[in-house]
2 protein chains.
Amino acid sequence: MSTEVTPRAGLSALFPGSAPASGGSAWRERLIIEAAELTRSGGWQAITMAKLADRVGVSRQTVYNEIGTKQALGEAMMMREVEGFLRSVDASFHAHPGDLVAAIREAAAGVLRDASTNPLLHAVLSASHGAESALLPLLTTQAEPIIDAAQVLIRGHLDTYELPISPKRIGALVDMVIRLVLSHVTTPTGTPEKTAEDIAWIAEQVLRTQR
Amino acid sequence: MSTEVTPRAGLSALFPGSAPASGGSAWRERLIIEAAELTRSGGWQAITMAKLADRVGVSRQTVYNEIGTKQALGEAMMMREVEGFLRSVDASFHAHPGDLVAAIREAAAGVLRDASTNPLLHAVLSASHGAESALLPLLTTQAEPIIDAAQVLIRGHLDTYELPISPKRIGALVDMVIRLVLSHVTTPTGTPEKTAEDIAWIAEQVLRTQR
DNA sequence: AGTTTACAAGTCCTAGGGTCTTGTCAAACG
DNA sequence: CGTTTGACAAGACCCTAGGACTTGTAAACT
């Protein structure tokens, strides 16, 4: 409890442009959620603006008024997933103040669990790594920025601790954790918990250096 | 020098079935090499058995006699890359007896360097991770087995040292190194040398535990 | 505010025909 | 022998044209 210094930057600071889910009218949120649902079941390509409008119980024109284009709908949908992902990671760190290793373990396990059950998040994370996906064209605005955002977020939390390793090494550590998690998203071997445990253990060993 | 125990299993032991490059007639090797060359320049799809035969200076029928089918040609070509990859890793460990960290660093740097200049190896490693590729259908016989082979190979080398961590943790360490390297193959950030240095540093910290 | 109808532009799907390629012969060649 | 040549059926691939569907926009309607 003695190591916390800065309060935290806040998630929204990670996405300066492109206003988040908040700020849309009543229908907008509904439409994006339903689009995600339809994408999960039938795939993005199978969605038509007409079907989506029908599903939500609104006219096709309203969809265009609220969202704009289908591409914009897809981007908003993906953005939602990214925000949820980052929020989950952030929450894990807040849930374990003073215990970095536990935070990393929980964050990793959470992401791996979510990615295994949520095809959209899986697509986002896979794509931001190197794998292809039908949803890739929807990530035009943020492909690598997603990793960057996670990096900045985690780095921000690490910087609230007094760690016995140099900033450069901290960067390497954060990079490692993220890459390992993404690697297990695309190519899992064990359960999320087991994998997270291994990753957290490695991080622990690195953090123990020269203390 | 005191920690080496077992001589080493030998690379061929990692590929029990499917005879390696040795054993083919005079043409076979030539054809596989030329096929790899053509694939590197124009892509696998652009190769025709006629063009290949022409390039090597042999009749189309001879290609069929030596290789069999185009699929078999592709598999043999990929197998060659995998063998070279494993041989390179193996050589790095043999080049640094007694210095595990240096061996890991050199092996990682070598793989990253090769993968960045050799599209075929890049495809093999990317595919064995999670990325797609036009060459993926040629890896039917060994997709994950490639990672497995690398894992067994490295694990074999680590087992010649007396390490201060449990076998289970050694497994996690090897898995980490491999995944980090593959991650940087598909999504590189720095130079191979810089990346290898970071990976080796992390491995070093883990290996220093509780000594 | 939101809905309906209408419409141009563009994408996707299907079917067809033609060319190229694969894979396999058997016969001829050196 | 090992290699080449010529021939061939089967199938993959490429291009085209047509129709159906979808996108995106606009205006009139409630």
Side-chain angles (χ1 to χ4, degrees), chain A residues 18 21-79 132-141, chain B residues 18-19 21-78 132-141:
Chain A
S18 61
S22 59
S25 83
W27 289 125
R28 185 181 161 82
E29 184 75 358
R30 232 353 261 300
L31 286 166
I32 294 174
I33 292 175
E34 199 65 37
E37 198 55 50
L38 288 174
T39 303
R40 267 184 271 271
S41 54
W44 171 251
Q45 168 133 327
I47 289 187
T48 72
M49 300 302 245
K51 266 188 247 174
L52 176 62
D54 215 44
R55 202 56 132 51
V56 174
V58 90
S59 76
R60 197 167 67 88
Q61 185 58 39
T62 299
V63 176
Y64 280 97
N65 290 342
E66 292 294 326
I67 305 282
T69 69
K70 190 180 178 184
Q71 171 76 18
L73 171 66
E75 288 176 13
M77 190 180 73
M78 294 310 238
M79 174 74 89
E132 302 282 323
S133 146
L135 304 175
L136 190 103
L138 306 180
L139 290 169
T140 49
T141 44
Chain B
S18 62
S22 58
S25 83
W27 290 125
R28 184 180 162 85
E29 185 75 358
R30 237 344 267 300
L31 286 167
I32 294 173
I33 292 175
E34 199 64 38
E37 198 57 48
L38 287 173
T39 303
R40 268 184 270 271
S41 54
W44 170 252
Q45 169 133 326
I47 289 187
T48 71
M49 300 301 245
K51 266 188 244 173
L52 176 63
D54 216 42
R55 202 56 129 52
V56 174
V58 90
S59 77
R60 197 168 65 90
Q61 185 58 42
T62 298
V63 177
Y64 279 97
N65 290 342
E66 292 292 326
I67 304 281
T69 69
K70 192 180 178 185
Q71 171 76 16
L73 171 67
E75 289 177 14
M77 191 180 74
M78 294 309 237
E132 302 282 321
S133 147
L135 303 175
L136 189 101
L138 306 180
L139 289 170
T140 49
T141 44

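For the numbers below, each heavy atom of this structure counts, side chains included, while hydrogens, waters and symmetry mates do not. Chain identifiers are assigned alphabetically (A, B, ...) following the order of the sequence lines, protein sequences preceding nucleic acid strands; residue numbering begins at 1 within each chain.
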| Under the side chain to side chain contact (heavy atoms under 4.5 Å, CB included) test, residues paired with A:A50 that sit two or more places apart | A:T48, A:R60
| said: On the nucleotide D:dT3, are OP1 or OP2 found under 4.0 Å from the side-chain N or O atoms that B:W27 carries? | reply: yes
| If you measure from CD1 on A:I67 to CH2 on A:W27, what distance do you get to the nearest 0.5 Å? | 12.5 Å
| said: Keeping B:T39 on the side-chain end and B:A35 on the backbone end, is there a donor-acceptor pair under 3.5 Å? | reply: yes
| remark: Closest non-hydrogen contact found for A:P137 with A:A134 is CD-O, 3.3 Å
| query | So which of residues 40-48 of chain A are in contact with DNA chain D, with a heavy-atom cut-off of under 4.0 Å? | reply | A:I47, A:T48
| note | note: B:E66, atom CD; D:dG2, atom P; distance rounded to Å ~ 10 Å
| query | Taking C-beta and beyond as the side chain, do B:W44 and B:M78 meet within less than 4.5 Å on heavy atoms? | reply | no
| remark: Nearest heavy-atom contact between A:R28 and A:E66 is NH1-O, 3.4 Å
| query | What is the per-nucleotide protein-contact pattern of nucleotides 25-30 of chain D, from the 5' end, where B denotes a base atom under 4.0 Å from a protein heavy atom, S denotes such proximity for sugar-phosphate atoms only, and - denotes neither? | reply | BB----
| query | Taking any atom under 4.0 angstrom from a heavy atom of chain A, which nucleotides of DNA chain C are the first and last to qualify, 5' to 3'? | reply | C:dG2 to C:dA6
| request: Salt-bridge test for B:R55 and B:E34: reply yes if a basic N is under 4.0 Å from a carboxylate O, no otherwise. | output: yes
| query | How about B:R30 and B:V58: do any of their side-chain heavy atoms sit closer than 4.5 Å? | reply | no
| task | Take B:L73 and B:V63, measure what side-chain contact (heavy atoms from CB on, under 4.5 Å) needs, and give me the verdict at the end. | result | CA-CA 9 Å; B:L73 171 67; B:V63 177; 5.6 Å; no
| Mind checking whether B:V56 and B:I33 have side chains closer than 4.5 Å, heavy atoms only? | no
| message | Which heavy atom of A:A76 sits nearest to which heavy atom of A:I32, and what is that distance? | response | CB-CD1, 3.7 Å
| task | Describe, as an angle rounded to 10 degrees, how the axis at the first end of the helix from C:dG2-D:dC29 to C:dG30-D:dC1 is tilted relative to the axis at the last end, five pairs per end. | result | 40°
| task | Assign each of A:M49 and B:G57 to its nearest nucleotide of DNA chain D by heavy atoms, then name whichever residue's nucleotide is nearer the 5' end. | result | B:G57
| said: Using modelled atom types and a 3.5 Å cut-off, is there a donor and acceptor pairing between side-chain atoms of A:K51 and backbone atoms of A:A46? | reply: yes
| note | A:L73 atom CG is separated from D:dT23 atom P, nearest whole Å, by 10 Å
| Atom NZ of B:K70 to atom P of D:dA12: distance rounded to whole Å? | 13 Å
| field | Which residues share a side-chain hydrogen bond (donor to acceptor under 3.5 Å, both in side chains) with B:Q71, sequence neighbours left out | value | B:E75
